[in-house]
Amino acid sequence: MSDIIDEVLSSVKNSAVFKNREYLLPDYVPDELPHRENEIKKLASILVQLYRGERPSNTFVYGLTGTGKTAVAKYVLNSLQKKLNNFRYVYVNSRQSDTPYRILADIIEILGNKVPFTGLSTAELYRRLVKELEKSETVMIIVLDEIDALVKKHGDDILYKLTRINYEIHKSKVSIIGITNDIKFIDGLDPRVRSSLGEEELVFPPYNAEELEDILRRRSSLAFKEGVISDSVIKLCAAIAARDHGDARRALDLLRVSGEIAERYKKKIVTEEEVERARVEIERDRVYEVIATLPFHSKLILLSIVQSSIQDRRLTTGEIYTRYRELTSIMSSESVTQRRASDIINELDMMGIVSARVVNRGRYGKTKEVVLAVDRNIVMKALIESDERFADIRSG
DNA sequence: CATCCACAGGAAGATCTGGTAG
DNA sequence: CTACCAGATCTTCCTGTGGATG
C-alpha cells in the first residue's frame with residue numbers, strides 16, 4: 001500500500017516537468033509585475049498621501065479579469081506597508097464574501113475582532129466596525145475586490161455606508177479602493193456613491209499577446225525545468241489568452257495544466273497537444289464543478305433542457321417548463337413556478353452552461369430560446385454523480 | 001393596422017434555515 | 001425562553017412587448 005503512496009510522492013518530488021509548480025498558481029503574487037509599471041506608479045501616487053498621515057482618495061480600479069488589478073493593489077499596499085508603518089489595510093474579495101454582512105464581518109475580523117457567523121443585524125456589525133476603528137488612530141485602507149458582483153446582488157447600500165463612515169469616526173480615517181471587472185457597473189451606482197468612491201480612477205488595459213508571452217516566459221523559467229517549455233508553446237498559450245481579452249490568469253492556468261498533463265502521461269516536454277488538452281480539461285472541470293454545486297431545482301431545469309434537446313434545436317421556456325413538470329411528477333417532488341424557472345434559466349445562461357436569448361416571434365409570443373452550451377455527457381455525469389436522486393435517470 | 005401570443009422580468013413579500021442577544 | 005436577524009429560495013401579482021397574422 002505505502003509503495004503506491006511512495007510512488008506518487010516521488011513522482012511529484014522528482015517531477016520531470018516542474019521545478020516549482022507554485023509559481024503558476026493563481027494566488028501567487030510575483031515580486032515584480034511586468035507591464036504594469038504605469039498602473040503601479042499611478043496607484044502608488046494616489047496612496048502616497050499616507051506618507052503625511054492623510055487619507056488617500058477613494059479609488060475605483062477597472063479592468064477585465066486577469067489584467068493584474070488585484071496583484072497590483074496587493075503589491076503596492078504591501079510595499080508601502082513595509083516603508084510606512086502608519087496605516088492598515090484590509091483586502092476583501094466580495095465575490096467570496098458576497099453579502100453585506102460578510103463584508104463587514106471580514107473587515108472586523110481582519111481588524112482583530114471576532115464576530116458571529118450570522119445572527120446579528122448589519123446595523124450592529126456596522127456599529128462594531130465603527131467602534132473598532134475608534135480604538136486606534138490610523139488610516140485604514142479597505143480594498144473591495146470584485147465589487148460589481150456584490151452590487152449586482154445586494155445593491156450599493158453598503159458602499160454608501162462605507163463611504164460615509166468617515167463622518168462617524170474621529171480618530172481614524174477610512175479610504176476605499178473598489179476593484180471591478182465591469183466598467184458599465186459604475187453607471188448603475190447611486191450618484192452619491194459614484195462621486196465619493198470615484199475620487200480617483202485607474203484603468204487597467206488588457207495585456208496584449210507580446211506582454212503575455214513575456215509574462216509566461218518569466219514564470220515558466222521559474223516553474224518548469226529547463227527545456228520543457230518551448231517557445232511555440234508559450235506563444236500558443238499567450239495567443240489563446242490574448243484572444244480571450246488578455247487574461248493573464250487564464251494563460252498561466254493553461255500553462256500549468258499543460259504541464260500537469262505532460263507529467264501525468266510521463267512526457268518530458270510540453271507540446272501544443274498538451275496545451276490543447278489542457279484547454280479542454282480546464283473548461284470541463286469548470287463546467288462539472290458549477291453543475292455539481294447547483295441547487296436541486298436548477299439541476300432539474302438543466303436536466304429538462306438536456307432531455308428535450310434534439311440536436312441543436314432551440315427550446316423555449318414553455319417547452320422546458322413542461323418537461324420540468326413531468327420530471328417533478330415522476331420524482332414526486334414539488335415544482336417551482338414558471339417565473340422562478342425563467343430566472344433559473346437566466347442563471348444557467350450567466351454561468352455559461354446554456355445560452356439563452358430573448359426573441360420575439362410575433363404572433364407566437366415573446367420567449368427565450370435556449371440551447372445547451374456545453375457537452376451533454378459532462379452535464380449528465382455531473383448531475384448523476386452529485387445527487388443520488390439523478391442516479392437512475394438516463395438521458396433520452 | 002390593431003390584435004394578441006407567450007412569455008419577460010420587476011416588485012414585494014412569504015417561508016425556511018441557522019444563527020445571536022439577553 | 002422570546003424577539004429578532006440575514007440570506008436563499010421561491011411565490012404571487014403584475015405590467016410590458018415585437019412583430020406575424022388576420
Side-chain angles (χ1 to χ4, degrees), chain A residues 92-109 113-132 144 146-162 184-185 187-190 290-305 308-309 313-329 331-351 353-371 386-387 389:
Chain A
V92 181
N93 184 315
S94 24
R95 191 184 289 277
Q96 281 157 237
S97 308
D98 62 349
T99 64
Y101 189 97
R102 287 292 348 137
I103 302 273
L104 290 171
D106 280 7
I107 298 172
I108 295 169
E109 265 164 38
N113 216 326
K114 278 240 164 7
V115 280
F117 183 73
T118 168
L120 301 181
S121 67
T122 34
E124 169 64 16
L125 280 205
Y126 185 75
R127 238 195 58 227
R128 290 192 188 190
L129 174 60
V130 169
K131 208 171 125 201
E132 201 61 36
L144 296 173
E146 310 194 65
I147 33 171
D148 43 335
L150 175 76
V151 171
K152 255 174 221 152
K153 269 186 151 177
H154 299 275
D156 49 17
D157 220 56
I158 341 95
L159 292 185
Y160 181 68
K161 284 207 171 117
L162 283 176
K184 278 179 293 171
F185 128 99
D187 302 335
L189 286 179
D190 185 315
V290 165
I291 294 174
T293 54
L294 244 32
F296 181 59
H297 286 284
S298 305
K299 286 180 179 174
L300 270 180
I301 296 278
L302 182 57
L303 181 62
S304 312
I305 295 169
S308 15
S309 330
R313 225 192 94 243
R314 299 181 160 273
L315 301 163
T316 65
T317 309
E319 288 169 331
I320 295 166
Y321 191 66
T322 309
R323 180 79 256 242
Y324 165 78
R325 288 301 291 259
E326 286 167 23
L327 285 174
T328 53
S329 93
M331 299 173 98
S332 50
S333 136
E334 297 292 296
S335 43
V336 301
T337 55
Q338 182 158 328
R339 177 69 188 83
R340 177 66 187 142
S342 166
D343 277 349
I344 289 174
I345 293 170
N346 284 343
E347 286 162 26
L348 293 173
D349 180 45
M350 289 227 286
M351 292 181 284
I353 297 171
V354 303
S355 114
R357 62 171 222 266
V358 195
V359 286
N360 271 295
R361 298 179 306 173
R363 163 92 345 161
Y364 304 103
K366 183 192 191 189
T367 183
K368 268 198 282 271
E369 287 188 336
V370 182
V371 260
S386 65
D387 194 318
R389 281 171 287 187

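The figures here come from the full heavy-atom set of this structure, side chains too, leaving out hydrogens, waters and symmetry mates. Chain identifiers are assigned alphabetically (A, B, ...) following the order of the sequence lines, protein sequences preceding nucleic acid strands; residue numbering begins at 1 within each chain. None of these values were measured; they are calculated from a predicted model.
Here A/S335 lies in heavy-atom contact (under 4.0 Å) with sugar-phosphate atoms only. No contact: A/E124 has no heavy atom under 4.0 Å from any strand. Within the 4.0 angstrom heavy-atom criterion, only backbone atoms of the sugar-phosphate kind lie near A/N346; the bases stay farther away.
Protein atom CG of A/L125 is 9 Å distant from nucleotide atom P of C/dA6, rounded to whole Å. Put simply, CG on A/L300 is 15 Å from P on C/dT9, counting in whole angstrom units. Between A/F296 atom CZ and C/dA8 atom C1' the separation is 17 Å, expressed in whole Å. Spacing between atom CG of A/L120 and atom P of C/dA6 amounts to 9 Å, rounded to whole angstrom units. Here the P atom of nucleotide C/dT9 and the CD atom of A/E334 are 17 Å apart, to the nearest Å. Between the CZ atom of A/R128 and the P atom of C/dA6 there is a distance of 13 Å, given to the nearest Å. Atom CG in A/L104 sits roughly 14 Å away from atom C1' in C/dC5 (whole-Å rounding).
With hydrogens and angles ignored, the 3.5 Å screen pairs no side-chain donor or acceptor of A/D156 with any backbone N or O of A/V151. Between the side chain of A/T322 and the backbone N or O of A/G318 there is at least one donor-acceptor pair closer than 3.5 Å. Panel note: side chain A/N93, backbone A/Q96; a donor-acceptor pair is recorded below 3.5 Å. In this structure, the side chain of A/S309 engages the main chain of A/I305 through a donor-acceptor pair within 3.5 Å. A distance-only check finds a donor-acceptor pair linking the side chain of A/Y126 to the backbone of A/K161 [under 3.5 Å].
Contacts of residues 147-159 of chain A with DNA chain B (heavy atom under 4.0 Å): none.
Taking 4.0 Å as the cut-off between side-chain N and carboxylate O, A/R128 and A/E124 count as a salt-bridged pair. With respect to the salt-bridge test (charged N to carboxylate O, under 4.0 angstrom), the residues A/R313 and A/E319 qualify. Salt bridge status for A/R102 with A/D98: absent, with no side-chain N to carboxylate O gap under 4.0 Å. No salt bridge links A/E132 with A/R127; every basic N to acidic carboxylate O contact stays at or beyond 4.0 Å.
Reading DNA chain B from its 5' end, the first and the last nucleotide to sit under 4.0 Å from a heavy atom of chain A are B/dT3 to B/dA21.
Among C/dA8, C/dT11, C/dA6, the nucleotide with an atom closest to any side-chain atom of A/V336 is C/dT11. Listed nucleotides C/dC10, C/dT12, C/dC5 differ in distance to A/H297; the shortest reach to its side chain belongs to C/dC10.
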So if I define the base as every atom that isn't primed, P, OP1 or OP2, how would nucleotides 16-22 of chain C read as a B/S/- string at a heavy-atom cutoff under 4.0 Å? BBBBBS-

Would A/V370 and A/S355 count as a side chain to side chain contact (heavy atoms under 4.5 Å, CB included) here? Give the steps. CA-CA 6 Å; A/V370 182; A/S355 114; over 6 Å; no

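Between A/T122 and C/dA6, a side-chain N or O to OP1/OP2 separation shorter than 4.0 Å is present. Neither OP1 nor OP2 of C/dA6 sits under 4.0 Å from any side-chain N or O of A/T99.
Two residues are said to be in side-chain contact when any heavy atoms from C-beta on lie closer than 4.5 Å; A/V359 and A/R357 meet this criterion.
Atoms OG and CG, on A/S97 and A/L150 in that order, are 9.5 Å from each other to the nearest 0.5 Å.
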